[in-house]
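All values below come from the heavy atoms of this structure, side chains included, with hydrogens, waters and symmetry mates left out.
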Amino acid sequence: MKLKSKVLALGVAFLMGMSTPLALAGIVAKDSTTKILLNGKDAALKGYEVNDNNYFKLRDLAKALNISVTYDEKTNTASLDSTKPYVDGAQKLAAGNWAKETREAMQAVMDKNAGAGKYVVFDFDNTTAINDVEEALLIYQIENLAFKIKPDQMYNVLKTQIPDMNKAVGKNDAGKEVTSDMLANDITADYKVLYNGYSGFNAGGKMTLEEVHKTNAYNDFAAKLRYMYSAVGDTFDASVSYPWVTYLFAGMTADEVYALANASHRYWSAYPEWTEKKWTSPAAQPGKSGVITASYLTGIRITSELRDLYTKLMASGIDVYVVSASFIDVIRAAARDPFFGLNVPEDHIFAMQLKKDANGRYLPEYNYDFGAAGKYAQTQAAGKSTVIKNFIAPKYNGAGPLMVFGDSAGDYNMMTEFSDTVLGVIFNRYRKTSDPIWKVSVEAANTIGQANPRYVLQGRDNNTGELLPTQKSRMLGKEELVLVRPAA
């Protein structure tokens, strides 16, 4: 039974245990002698007798029954929700490696809003997790040749939504310009060789994965596919580049992507190094684009501080949502798996979506009709706010998130556009001044230690995958701590 939508209008202020207006109306309340039994035992509830009627505080009843009770000041509405437990108050965050002022600001918001029927929104990559789980998965997918794309379909998948395949997207190691078409042709040619040679594709090949990794075709494929991912992102609009990497899941089912992502998350979580590595394509196989070098970061981590924050928010009766620019099954595999300790409800996760064919296999086509026709968006930048407005806020009488957690331009809109948001928590990546998040990062830096800040910063060490007990961060390969970049 769920009673959340029921309006309990009669004497709400009194029933919620707030100051009562009864005396102003000349009505006298006295202690009730009526006993309330719960499962045959005395519930020990303090009651009040008013004009021969017995009244009990709604919070006392909800606590005895262990069901959620919330109060909306705007609508003067009390709500019961029997699907959620009673919340007695805000849980206290572990100190961990939080910057002191940042933790205190989050705790203050939690203390004031515990059990009030509100919600927060987290970004995932470089916010909930240190480093990017989608980018880490791409490397894992390449290393394990985990693709379900047919060779004759690869070029079309790679060119999906790229507006100009002949536009220069970068330079090769010899300094010559390369285009998406050059890269896609080389990658496709390599993939055909690998598809016919690797036993894992079940196309007649006999080579093991270890043997495949020694071939020119594999090393060319790996370097150029990773390079193309970065080149597309550096050249074209985010609406092109963000979903591009998800098209590589074409031919897979949701369960297959989930399993692949889960294996990747566990692999990179246990990886012993936090560093930057490079792939260089073989000189013996230049192809159309020549010799290419691509780099990638190793390691991902969901820190104990973030697990504690997620857990304490939910235990305080504050709902947790994730809105991520990564693919939906990739985020589900981290946010839902008890191994990572976040335990986010299935319907509280919003991320990139693809359409499926009649057999439930993903197509290289974004699904803008997910959940409701015409309501979904790419879950990046302004699209995150769109998804919040269309799918989350309606559950909370149209209210925006109480707190928003993010790290970059993709989170700026949802962190700044809602009047109900009282705190934006920025995981400090020392962003460039051209990144919109820089502006609010400066505000956060200038208000450190002040009461009720609108934005706060949280530092991290990119060399160890840990938070730091300061607003400053340590960049990969560096020793010094940095706060925000000076204005250009």
Side-chain angles (χ1 to χ4, degrees), residues 90 93 95-113 118-130 303 305-306 308-310 312-313 316 318 320-325 380-382 384-385 388-389 392-393 399-462 467-475 481-488:
L93 294 173
N97 281 333
W98 289 114
K100 177 177 178 291
E101 296 85 357
T102 297
R103 178 174 56 83
E104 289 175 349
M106 294 188 296
Q107 188 68 63
V109 175
M110 290 171 62
D111 289 344
K112 185 176 180 180
N113 295 279
K118 298 183 180 181
Y119 70 98
V120 300
V121 173
F122 284 84
D123 170 49
F124 204 86
D125 298 307
N126 283 303
T127 296
T128 300
I130 293 181
T303 67
E305 290 85 3
L306 268 296
D308 180 69
L309 176 58
Y310 270 62
K312 298 289 177 62
L313 282 164
S316 299
I318 299 171
V320 171
Y321 287 82
V322 172
V323 182
S324 170
Q380 50 91 9
K384 290 191 174 188
S385 295
I388 292 171
K389 291 172 184 175
I392 303 176
L402 177 66
M403 292 189 281
V404 174
F405 302 78
D407 69 281
S408 64
D411 309 311
Y412 177 80
N413 293 82
M414 69 173 180
M415 191 176 286
T416 61
E417 290 181 354
F418 296 95
S419 60
D420 302 288
T421 303
V422 300
L423 184 64
V425 180
I426 305 163
F427 288 80
N428 190 0
R429 294 177 62 207
Y430 198 54
R431 303 303 285 171
K432 296 179 179 179
T433 58
S434 57
D435 188 323
I437 209 73
W438 175 82
K439 180 179 179 181
V440 290
S441 295
V442 170
E443 181 177 340
N446 290 337
T447 57
I448 292 174
Q450 294 184 14
N452 303 314
R454 176 61 179 84
Y455 304 101
V456 292
L457 285 164
Q458 174 57 48
R460 70 183 207 179
D461 191 333
N462 292 283
L467 297 189
L468 294 172
T470 173
Q471 289 82 4
K472 296 180 179 180
S473 287
R474 182 175 290 116
M475 298 295 100
L481 294 175
V482 291
L483 188 58
V484 294
R485 293 180 188 269

Taking side chain to side chain contact (heavy atoms under 4.5 Å, CB included) as the test, write out the residues that go with Lys472, two or more places apart.
Thr470, Leu481, Leu483

For Arg429 versus Ser408, what's the shortest heavy-atom pair and its separation?
NH1-CB, 4.1 Å

Qualifying side-chain hydrogen bond (donor to acceptor under 3.5 Å, both in side chains) pairs, either residue in residues 119-129, two or more places apart:
Asp123-Thr127, Asp123-Lys384, Asp125-Ser326, Asn126-Arg460, Thr127-Asp407, Thr128-Tyr310

Who are the side chain to side chain contact (heavy atoms under 4.5 Å, CB included) partners of Thr416, not counting sequence neighbours?
Tyr412, Val440, Tyr455

Between Ile426 and Met415, is a side-chain contact (heavy atoms from CB on, under 4.5 Å) present by the stated rule, with each step listed?
CA-CA 9 Å; Ile426 305 163; Met415 191 176 286; 3.8 Å; yes

Between CD1 of Ile130 and CG of Leu306, what distance do you get to the nearest 0.5 Å?
8.0 Å

With heavy-atom distances below 4.5 Å as the criterion, would you say the side chains of Val484 and Arg431 are in contact?
no

Could you work out, with side chain to side chain contact (heavy atoms under 4.5 Å, CB included) as the rule, every residue matching Arg485, not counting sequence neighbours?
Tyr430, Lys432, Thr433, Trp438

In chain order, what residues pass the side-chain hydrogen bond (donor to acceptor under 3.5 Å, both in side chains) check against Gln380, with sequence neighbours excluded?
Gln378

Within-4.5 Å side-chain heavy-atom neighbours: Leu402 and Asp420:
no

Kindly write out the residues that satisfy side-chain hydrogen bond (donor to acceptor under 3.5 Å, both in side chains) with Ser473, not counting sequence neighbours, or none if the list is empty.
none

Side chains of Pro401 and Met414 in contact at under 4.5 Å (non-hydrogen atoms)
no

Applying side chain to side chain contact (heavy atoms under 4.5 Å, CB included), name anything that partners Ala409, two or more places apart in sequence or on another chain.
Asp435, Pro436

In the structure I gave you, are the side-chain heavy atoms of Ile318 and Val109 within less than 4.5 Å of one another anywhere?
no

Side-chain touch Leu423/Val120, heavy atoms, less than 4.5 angstrom
no

As a quick check of understanding, evaluate side-chain contact (heavy atoms from CB on, under 4.5 Å) for Thr421 and Arg454, giving each step before the final call.
CA-CA 9 Å; Thr421 303; Arg454 176 61 179 84; 3.8 Å; yes

Does any non-hydrogen side-chain atom of Gln458 lie less than 4.5 Å from one of Glu305?
no

Exam field: side chain Glu443 to backbone Val456, donor-acceptor pair closer than 3.5 Å
no

What side-chain hydrogen bond (donor to acceptor under 3.5 Å, both in side chains) pairs are there with at least one residue in residues 98-112, not counting sequence neighbours?
Lys92-Asp111, Lys100-Glu104, Glu101-Gln471, Gln107-Asp111

Do the side chain of Asn462 and the main chain of Arg474 share a donor and acceptor less than 3.5 angstrom apart?
yes

Is there side-chain contact between Met106 and Leu313, with at least one heavy-atom pair below 4.5 Å?
no

Residue pair Ala393 / Ala399: nearest heavy atoms and the distance that separates them
CB-O, 3.3 Å

Val404 and Phe418, any side-chain heavy atoms less than 4.5 Å apart:
no

